[in-house]
Amino acid sequence: MGFMNRFKHFLGDQLLGNNWGVHPDDHKRPAADAPVRVMPVPARLYLPLQQHLGGAARPTVLVGQKVSKGELLAEATGMVSAPLHAPTSGTVVAVTEVTAPHPSGLSLPAIILEADGADEWCELTACADPFALTPADIGRRVAAAGVVGLGGAAFPSAVKLGGALRAEVTTLVINGGECEPYLSCDDRLMRDAAAGIVDGIRLMLHATGARVALVGIEDNKPEAIAAMQAAAAEFAAVQVRPVPARYPMGSEKQLIQVLTGIEVPADGRPADIGVIVHNVATALAVRAAVREGKPLISRLVTVNGNCVAAPGNVEVRIGTLAEEVIAFAGGLKGDGLGLARRIMGGPMMGMQIPHWRVPVVKGSSGILALDAAEVAAAEPDPCIRCGSCVKACPMGLLPLEMSARIRNEAYGEAIDYGLKDCIACGCCAYVCPSKIPLVQYFVHAKGELAAQDRAKLRGEATKKLALQRQERLDREAREKAEAAAKRKAEREAAAAAKAAAEAAASAAPAAAATVGEGV
Amino acid sequence: MTPTAITAQPVASPHAHGGNSVTRTMFRVQMALVPATLYGFWLFGWPSFFLWLLTILSCLGLEALSLKMMGVTRIKATLFDGSALLTGWLLAMTLPPWAPWWVAVVGGFIAIVIGKQVFGGVGQNVFNPAMVARVALLVSFPVPLTQWVHPLPLTTLAAPDFIDGLRIFLSSLPQPDAMASASLLGYSKTELARGIDLLHSLAGEHAPALSWIGARSGSLGESASLLILAGGLYLVGAGVITWHTPAAVLAGIAIPAAIGHAVDPAHYLSAPAHLLSGAAMLGAFFIATDYVTSPNTAAGQVVFGLGIGLITWIIRSYGGYPEGMAFAVLLMNALTPVIDRLIKPRILGRDRRGKPLDIPAGASQ
C-alpha cells in the first residue's frame with residue numbers, strides 16, 4: 001500500500017468513520033488445526049423439509065419406503081426452493097415434526113430416516129466434461145442436487161446462479177471470510193480441498209458468465225490462503241485476495257465493498273452491480289453436484305466452545321442430531337456441567353437452541369457449547385450514549401438512536417434511522433458497555449413491523465370484503481326496490497287498467513240505463 | 001415447554017460480548033485524572049484534598065438518595081457504575097482549591113440532583129452535570145468561586161497541616177491577603193479593564209507566570225494542565241475517547257487566539273497562554289468528551305468541539321468572565337441534539353440524505 005493510500009485510509013477511518021466492525025477474540029484454534037473427523041452414519045436422521053430460504057420441500061416418499069443414499073426424499077416447490085435427498089440408505093419411518101434449529105424451540109415438519117447401515121448410493125449421473133455443459137444445464141444439476149448457500153443463509157444456489165446469468169454479472173465473489181469467531185469449517189475445507197473448491201469456482205464462473213472470481217479470505221487464515229493460492233495459481237480468472245480479519249468481513253455487502261470497491265444500493269441486490277457472492281463450501285458442493293451428480297447430503301460442522309472436550313471439525317450427514325455430533329466429537333467437559341448456552345452457528349449471529357436434540361441442517365456451520373465466561377450475560381444498564389455502537393456498525397447506522405425509538409414504539413422513526421438496513425450482525429451489542437441487547441430490539445421491531453404489515457393487509461382485505469358486501473347489499477336493495485317499483489307500477493297499471501275497464505263497464509250499463517231511462 | 005424457557009433471557013444474538021462495561025470506562029477516566037489530582041493536592045495542600053473528598057461524597061450520597069426516592073431497585077449497581085463519582089471528581093477539579101465545605105455540598109446537589117437525576121438519571125441529562133454545578137455556583141457565589149490561592153506545596157513550611165487544613169476548609173473565613181492570588185486569565189482581564197494592556201500588565205512583577213510545570217494559582221484542573229493533557233492522551237490511547245473532540249476544542253481556542261495575538265498582542269493573550277490556562281485542557285479531554293452530552297458521530301464531535309473552543313475564546317476575550325469553558329460547554333450541550341440530527345453517518349448503499357444509491361443502468365432488475 002502506497003503512502004497516499006495509507007493516508008486516504010487514515011482519513012477515511014478517522015474522519016469519516018469508516019473503521020466499522022469489531023475484532024472479537026476468534027477462538028478458532030485449536031479447533032481449526034485439528035484434522036477433520038468423519039462421523040459414522042447415526043441410527044436415525046431427522047430431516048426438516050425447510051432447510052433453505054423459500055418454499056418448504058414437498059415429500060415424495062411414503063412412510064415405510066426404502067430409499068438409497070442420495071435418493072430424492074422431497075422435491076422443491078415454487079421458484080425459490082430446494083429438494084432434499086436421503087443422506088444414507090434406509091427406511092422412511094415417519095413424516096412428522098422435530099425441533100427446529102431456532103431459539104423458539106418450535107417444531108418443523110421433517111422426514112425421519114432410519115439408516116440400514118449399508119450406506120449404498122443410488123445411481124448417480126456423473127459428467128466427465130462439465131465445461132461442455134451449457135450454463136443452464138449446470139444450473140439444473142445444481143438445483144437437482146439441492147445445493148444451498150452453506151455460509152449460513154441457505155439460499156438455493158441454483159436460483160442465485162440463474163439470476164446472475166440473466167443479470168450478466170461480471171464478478172463472482174467467493175466468501176472465504178469466515179469472520180464469525182469459533183467457526184473454522186470453511187478454513188478447514190480450504191486447507192484440505194482447495195483444488196476441489198477452485199474447480200467448483202470455475203464451474204460457477206462458467207454457469208454465471210462472470211469473468212473473474214475474487215476469493216476473499218481473512219488474513220487470520222494463512223494456511224487456507226496459501227492452499228487456495230497454490231490451487232488457483234494456474235487459473236488467471238480465480239484470484240485469491242487476503243482481506244483484513246475484522247467482523248463482519250464475511251457479510252455480503254461488506255465483502256463486496258472491500259474486494260471490488262463498489263457498494264450494493266440499499267434497495268438493490270449484488271447482481272445489480274454485476275456481482276454475485278457464493279461461499280467456499282458451496283463451491284465444493286456445486287462441484288460434487290455437477291461433476292459426480294452427488295446431492296448435498298453432508299457438511300463440515302465446527303464443534304467448539306469452552307465446554308467441548310475435543311474441539312474440532314466433523315463431517316456429518318445432514319439430519320444428524322447435535323447431541324450425537326457432540327458425543328462423537330468427544331462429548332462435553334464434566335458431562336455439560338457449566339454449560340451456559342447451546343448455539344447453532346457462530347456466537348455473533350448463530351441461534352440459541354433449547355436443547356441438543358436438534359438436527360444439523362444444510363446451513364449449520366457450527367455447534368457451540370459455551371460456558372458462562374464466554375456468554376457473559378449481564379443485566380443491561382441504561383445507555384450512556386458512548387457511541388461505541390455507532391463506531392462499530394458496519395452499515396453506518398445509529399443503533400443507540402434506533403433502540404431509543406423502538407423503546408418508545410416509534411417504529412417509523414426507527415426506520416428513518418435505518419432499521420431496514422440493519423444486517424443483525426451484532427457488532428453494536430458486542431461493544432455496548434451497558435450490555436443492552438440491541439439486536440433483540442431490532443429483531444423485535446422488525447417482527448412488529450411485519451405483524452403491522454400483515455395486520456394492515458388483513459385489514460385491507462377485510463375492508464375490501466366489507467365494501468363488496470355493502471355493494472352487494474346495496475345492489476340487492478336497489479334491485480329489490482326496482483323490482484318492487486316495477487311490481488308497484490305493474491300493479492298500478494293493472495289497477496288503472498282495471499279501474500278504467502270497470503269505469504268503462506259501469507259507464508256502459510249506466511249509459512244503457514240512462515238510455516233506458518231515457519227510453 | 002415451560003413459560004420460563006421462553007422468557008428466561010434474551011435469546012437474540014450475539015452470544016459473545018467484548019467485555020467493556022460502564023464501570024470499566026468510568027474507572028479508566030478516573031485513572032486518567034489521578035496524576036493531575038495528586039499533583040494538585042501537593043500544590044494546594046490538605047484543604048484541596050478535603051474539598052475533593054467532600055464533593056465526591058456529596059455526589060455519591062445525593063445520587064443514592066435520589067435513586068431511593070425514585071424507587072430504583074438497583075441502587076448499588078447504579079451507584080457503583082462510577083458516574084456520580086466521576087461527576088464529583090470533575091467538579092472538584094474546577095473549583096478553587098481552598099473553597100469552603102458548603103461549596104462542595106451545594107455543588108454536589110446541583111450537579112447530581114438538578115443536573116442529572118431531574119432529567120431521568122444516567123444517560124438522560126442534556127447538560128454536563130459538573131458544568132451545570134460549576135456555572136450555578138459561579139453565578140450564585142461569585143466571591144468564594146473566584147478566590148484563588150498561591151500554590152503552597154505540602155513540603156513548604158507555610159503549608160497548612162492536616163488540622164489547619166480542616167479548619168480552613170470548615171471555617172469559610174476570608175483568605176488572608178498574603179495567600180490570595182489571581183489566575184492568569186483573571187489577572188489579565190482585571191488589568192485590561194483598568195486600562196493596562198497585556199504588554200505592560202504581564203511584564204509587571206505581580207503577574208502570574210505561565211508555568212509549564214503547573215506551579216501556578218488556579219483550580220486543580222488548571223494548574224496541572226500538562227498532567228491533564230497526559231491523562232487525556234491516555235484516554236485516547238485506551239480508546240475511551242477519540243481524538244476528535246479534544247483536538248477540535250483545542251483548535252477552536254488556539255486558532256482565534258493565535259490570530260488575535262498576532263494582530264494585537266496588547267489585547268489578546270497568546271495561544272499557549274490560552275491552552276494552558278483555565279479549564280482548556282480539562283474541558284477538552286474530560287468535560288467536552290462526556291458521552292451523554294456530546295454528539296455521537298466523529299464529524300459531529302468536530303463541530304461540537306470547535307464550537308466549544310471558539311465560544312470559550314470569545315468569552316475569555318470579550319465577555320465579563322475571565323473563563324468561559326463551562327458556559328461554552330453548556331451552550332454546545334444545548335446544540336448537541338441539533339448536531340446529532342443534522343450530522344449522521346452515511347448508511348452503506350445510501351447517499352448522505354438516506355436515498356438508496358442508483359442501480360446502474362443495464363441491470364436486469
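In this text, all values refer to a predicted model and were calculated from it rather than measured experimentally. As a basis for the values below, the full set of heavy atoms in this structure was taken, side chains included, without hydrogen atoms, waters or symmetry mates. Every chain is numbered from 1, with letters handed out A, B, ... down the list of sequences.
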With rounding to the nearest 0.5 angstrom, report the CD1 to CG distance, A:I384 to B:D290. 9.0 Å
Considering residues, nucleotides and ligands other than B:R24, do more than 12 of their heavy atoms fall under 6.0 Å from its CZ? yes
Option in B:S294, B:S21, B:S83 with maximal non-hydrogen atom pairs under 4.5 Å from chain A: B:S21
Which distance, rounded to the nearest 0.5 Å, do you find between the SG of A:C389 and the CG of B:N296? 7.5 Å
Of the backbone (N, CA, C, O) and the side chain (C-beta and beyond), which part of A:Y417 lies under 4.5 Å from a heavy atom of chain B, both, or neither? both
Go through the atoms of A:C386 and report whether side chain, backbone, both or neither lie under 4.5 Å from a heavy atom of chain B. both
Exercise: identify the closest heavy-atom pair between B:D340 and A:R385: OD2-NH2, 2.9 Å
Answer yes or no: is there a side-chain heavy-atom contact under 4.5 Å between B:L348 and A:Q254? yes
Electrostatic pair A:D267:B:R350 at N-O distance under 4.0 angstrom: no
Side chain from CB out, backbone as N, CA, C, O: work out which of these in A:Q257 comes under 4.5 Å of a heavy atom of chain B, or both, or neither. side chain
A:E401 with B:R341: basic N within carboxylate O range, under 4.0 Å: no
Interface check, chain B: of A:G426, A:G387, A:P265, most non-hydrogen pairs under 4.5 Å belong to A:P265
Under the 3.5 angstrom rule, does the side chain of A:E263 hit a backbone N or O of B:G349 as a donor-acceptor pair? yes
Which portion of A:L400 sits near chain B, non-hydrogen atoms under 4.5 angstrom: side chain
Would you indicate whether B:F109, at its atom CZ, is surrounded by more than 12 heavy atoms from other residues, nucleotides or ligands within a distance under 6.0 Å? no
Using a cut-off of under 4.5 Å for heavy-atom pairs, which of A:G350, A:G268, A:C428 has the most such pairs with chain B? A:G350
Using a 4.5 Å cut-off on heavy atoms from C-beta on, say whether the side chain of A:V439 contacts that of B:P14. yes
Which atoms form the tightest heavy-atom contact between B:I347 and A:D421, and what is the distance? CG2-CG, 3.7 Å
Name the region of A:P181, side chain, backbone, both or neither, that has any atom closer than 4.5 Å to a heavy atom of chain B. neither
Determine whether more than 12 heavy atoms belonging to other residues, nucleotides or ligands lie under 6.0 Å from atom NZ of A:K420. no
B:S13 versus A:M348: any side-chain heavy-atom pair under 4.5 Å? no
So, taking the atom named SG in A:C383 and the one named OH in B:Y291, what distance separates them when rounded to the nearest 0.5 Å? 11.5 Å
If only atom types and distance count, is the side chain of B:H15 paired as donor or acceptor with the main-chain N or O of A:I343 below 3.5 Å? no
B:T297 side chain reached by A:L398 side chain, heavy atoms, under 4.5 Å: yes
Sub-4.5 Å heavy-atom contacts with chain A: which residues of residues 119-132 of chain B show up? B:V122, B:G123
Walk me through whether B:I359 and A:R269 qualify under side-chain contact (heavy atoms from CB on, under 4.5 Å). CA-CA 9 Å; B:I359 293 173; A:R269 294 181 204 171; over 6 Å; no
